[in-house]
Amino acid sequence: MPQPRGDDRFTRGRVEGVAADVLGDALPLEYEDDLDPLLDLIGDARCVLVGEASHGTHEYRAWRAALTRRLVAERGFSFVAVEGDWPDGRRVGRSVTLAPGAPGDPRDVLAASARWPAWMWANEETAKFCRWLRDRNAGLPSSARTGFYGLDVYGLWESLRAVADHVAEHAPDHLDATLEAFRCFEPPAADPAEAGRRAALVPDAAADEVLALLTRLRRPVTQGGGREPVDAFDAGHNAEVAAGAERYYRTMLGGGPEAWNARTAHMADTLDRLMAFHASERGTGKAVVWAHASQAGDARATGMAAAGTVSLGQLARERYGPDEAVLVGFAGGPGEVVAAPRWGAPPELTHVPPPEHGTLEAALAESELHRGLFVVPPEEDKPAFLTDTLAERAIGAVYDPDRDGRQYVPARLADRYDALCWFRITSALEPLHREADARGERAAAPSRA
């Protein structure tokens, strides 16, 4: 597996002569009907994980929504689960399922979310999909409506914000180290040694106090008194989560790969419960999962394995079987992306440079393919760009284009995903809070006073 070498940030993959292979294996991807081969691949699978190479790219969000619409309408998928906080997801879910007393427009619910990084879900692309889902659900009985959930019951971003605020107030000299330690929740770096290092989020002397703070913050969305079956599920799920809250937070505060894995396992457990709930209540427990590529792909095929980290995609394959869990990736070339320059800062419209030579994105870009769908063939004789270990770009909520060379993870595409959607030029998504974000009015970084 590629390792850092000299001034190189990763060993260059073999890309010579792949252009012909790329063009020969690419399927068209211009219209929603071009997703037919992907739906054929998915077949009767119960779980489809769709992974984006960045949180702030329009093409990834738009085509992910297109695939999800078809899975809901044509294959009867019963809910969408996103790599986001459970409380926010429940509010959106109540709107799209027309729950009594819920807001009539899910866009308003998304726009009301102001916690950093709000743009990950408070954007026009997500709002458009959620409006479509509500309109479709309106014509169905409540038992047949498609749900929408966040997998992160603990509220990762709210918890990290609370940690940063506490350190800024009580131990300001440690704030820079704390913000650096937050990187354990970002897509892993190209260097497995760097990704695998253990850095505590708070000084040892403050751990117990912050643990108590986080435990107080974690509160249920509903009390189980609603009329919908999901309200009772919510109450029971919150009770189960509360029982393990202290253990989870202690692991999280320790930082490093253990923190990443604790969160991943928790999201996988939440997905299990949701699938079982929908299977028992509505007859089918089929899930579309929206997540970053570092979670949706199989970590065993990437440098994440060397760092000791797992992923949702890996756990889904292990728990449900490879025929029941289909992993779909998204990748792209240069363009624009919405991301923050540092943790807690307002997002910016940022230029994404051309991919570094020797990466998967460079191999695809050199073919001059505008867009394409790649379905990994079952036979052993696969083209080199699918089987070679090539670095793949991974942009999270924080992105510095000047350090783009550190935003790559070595991976074997054929083992990481079952299919890949490629976009040679990418554009930024459209946040709902663009003007306020630009003025720095939402979730400014903690003070270093």
Original post:
Any sub-3.5 Å donor-acceptor pair from Thr302's side-chain atoms to Ala299's backbone N or O?
Top reply: yes
Original post:
Charged N to carboxylate O under 4.0 angstrom, Arg107 versus Glu124?
Top reply: yes
Subject >> Under 3.5 Å side-chain donor-acceptor pair for Thr264 and Gln295 >> reply: yes
Subject >> Spatial distance of atom CZ (Arg134) from atom OG1 (Thr146) [nearest 0.5 Å] >> reply: 14.0 Å
Original post:
Which distance, rounded to the nearest 0.5 Å, do you find between the CG of Leu420 and the CG of Leu360?
Top reply: 6.5 Å
Original post:
Do Glu83 and Arg263 have side chains that get closer than 4.5 Å, going by heavy atoms?
Top reply: yes
Original post:
If every non-hydrogen atom of Pro257 is compared with every non-hydrogen atom of Thr309, which pair is closest and at what distance?
Top reply: CB-CG2, 3.6 Å
**OP:** Dump the intermediate steps for side-chain contact (heavy atoms from CB on, under 4.5 Å) on Arg70 and Leu39, then the final yes or no.
**Re:** CA-CA 8 Å; Arg70 293 198 60 182; Leu39 266 71; 3.9 Å; yes
**OP:** Decide side-chain contact (heavy atoms from CB on, under 4.5 Å) for Val92 and Cys130; before the verdict, give the C-alpha distance in whole Å, the side-chain angles of both, and the deciding distance to 0.1 Å.
**Re:** CA-CA 8 Å; Val92 175; Cys130 290; 3.8 Å; yes
Subject >> Side-chain heavy atoms of Leu38 within contact of Leu67, under 4.5 Å >> reply: yes
Original post:
Quick one: does Thr251's side chain have a donor or acceptor within less than 3.5 Å of a partner on Arg247's backbone?
Top reply: yes
Subject >> Residues Lys286, Asp44; criterion salt bridge (Lys or Arg N to Asp or Glu O under 4.0 Å); working and verdict >> reply: CA-CA 9 Å; Lys286 300 175 72 174; Asp44 295 325; 5.4 Å; no
Original post:
Under a 4.5 Å cut-off applied to non-hydrogen side-chain atoms, are Phe77 and Val48 in contact?
Top reply: yes
Original post:
For the residue pair Tyr154 and Tyr248, does the interplanar ring angle fall in the parallel (under 30°), tilted (30 to 60°) or perpendicular (over 60°) class?
Top reply: parallel
**OP:** List the steps, then state whether salt bridge (Lys or Arg N to Asp or Glu O under 4.0 Å) holds for Arg250 with Glu246.
**Re:** CA-CA 6 Å; Arg250 284 195 183 277; Glu246 181 175 346; 3.3 Å; yes
**OP:** Please work out which of the three classes, parallel, tilted or perpendicular, describes the rings of His237 and His266, given edges at 30° and 60°.
**Re:** parallel
Original post:
Do His351 and Glu336 get their side chains close enough for a donor-acceptor pair, meaning under 3.5 Å?
Top reply: no
**OP:** Decide whether Asp152 and Trp157 meet the rule of one side-chain donor and one side-chain acceptor closer than 3.5 Å.
**Re:** no
**OP:** Please tell me if the side chains of Asp298 and Tyr417 come closer than 4.5 Å, counting only heavy atoms from C-beta onward.
**Re:** no
**OP:** Hey, can you tell me if Phe79 and His278 have their rings parallel, tilted or perpendicular (30° and 60° cut-offs)?
**Re:** parallel
Original post:
For Val289 and Val80, what are the C-alpha separation, side-chain angles and deciding distance, and is it a side-chain contact (heavy atoms from CB on, under 4.5 Å)?
Top reply: CA-CA 6 Å; Val289 178; Val80 178; over 6 Å; no
Original post:
Tyr408 pairs by side-chain hydrogen bond (donor to acceptor under 3.5 Å, both in side chains) with which of Glu392, Glu356, Arg393?
Top reply: Arg393
Original post:
Does the pair Asp415/Arg300 count as a salt bridge with the N-to-O cut at 4.0 Å?
Top reply: no
Original post:
Is the closest basic N to carboxylate O distance between Asp165 and Arg161 below 4.0 Å?
Top reply: yes
Original post:
Do side-chain atoms of Asn137 reach the backbone of Arg145 as a donor and acceptor pair under 3.5 angstrom?
Top reply: no
Original post:
Would Arg424 and Glu368 satisfy salt bridge (Lys or Arg N to Asp or Glu O under 4.0 Å), going step by step from the backbone distance to the final call?
Top reply: CA-CA 8 Å; Arg424 192 167 189 269; Glu368 298 187 356; 5.2 Å; no
Original post:
Would you say the side-chain atoms of Ser95 pair up with the backbone N or O of Pro103, donor to acceptor, closer than 3.5 Å?
Top reply: yes
Subject >> Side chains of Trp260 and Met304 in contact at under 4.5 Å (non-hydrogen atoms) >> reply: yes
**OP:** Output yes when Arg69 and Glu32 qualify as a salt bridge under the 4.0 Å nitrogen-oxygen rule, no when they do not.
**Re:** yes
**OP:** Say whether Asp272 and Tyr320, considering side chains only, have a donor N or O and an acceptor N or O under 3.5 Å apart.
**Re:** yes
**OP:** Would you give the length of the straight line joining atom SG of Cys421 to atom CH2 of Trp63, rounded to the nearest 0.5 angstrom?
**Re:** 7.5 Å
**OP:** Report yes if the side chains of Leu369 and Phe374 come closer than 4.5 Å at any heavy-atom pair, otherwise no.
**Re:** yes
Original post:
Just wondering, do Tyr399 and Val352 contact through their side chains at under 4.5 Å, heavy atoms?
Top reply: yes
**OP:** Kindly assign one of parallel, tilted or perpendicular to the pair Trp290 and Phe148, based on the angle between their ring planes and the thresholds 30° and 60°.
**Re:** perpendicular
**OP:** Inspect the contact between Arg273 and Glu240 and indicate whether a charged nitrogen and a carboxylate oxygen are less than 4.0 angstrom apart.
**Re:** yes
Original post:
Taking it one step at a time, do Asp85 and Arg91 satisfy salt bridge (Lys or Arg N to Asp or Glu O under 4.0 Å)?
Top reply: CA-CA 10 Å; Asp85 289 351; Arg91 284 185 279 271; over 6 Å; no
**OP:** Determine whether Pro431 and Val338 make a side-chain contact, defined as any pair of heavy atoms from C-beta on separated by less than 4.5 Å.
**Re:** yes
Original post:
When you check the gap from the basic side-chain N to the acidic O, do Arg46 and Asp323 get nearer than 4.0 Å?
Top reply: no
Original post:
On the ring face of Trp121, is Arg115 found with NZ or CZ under 6.0 Å from the centre and within 45° of the axis?
Top reply: no
Original post:
Is there a side-chain contact (heavy atoms from CB on, under 4.5 Å) between Asp418 and Val328 once you walk through the steps?
Top reply: CA-CA 6 Å; Asp418 298 296; Val328 182; 5.9 Å; no
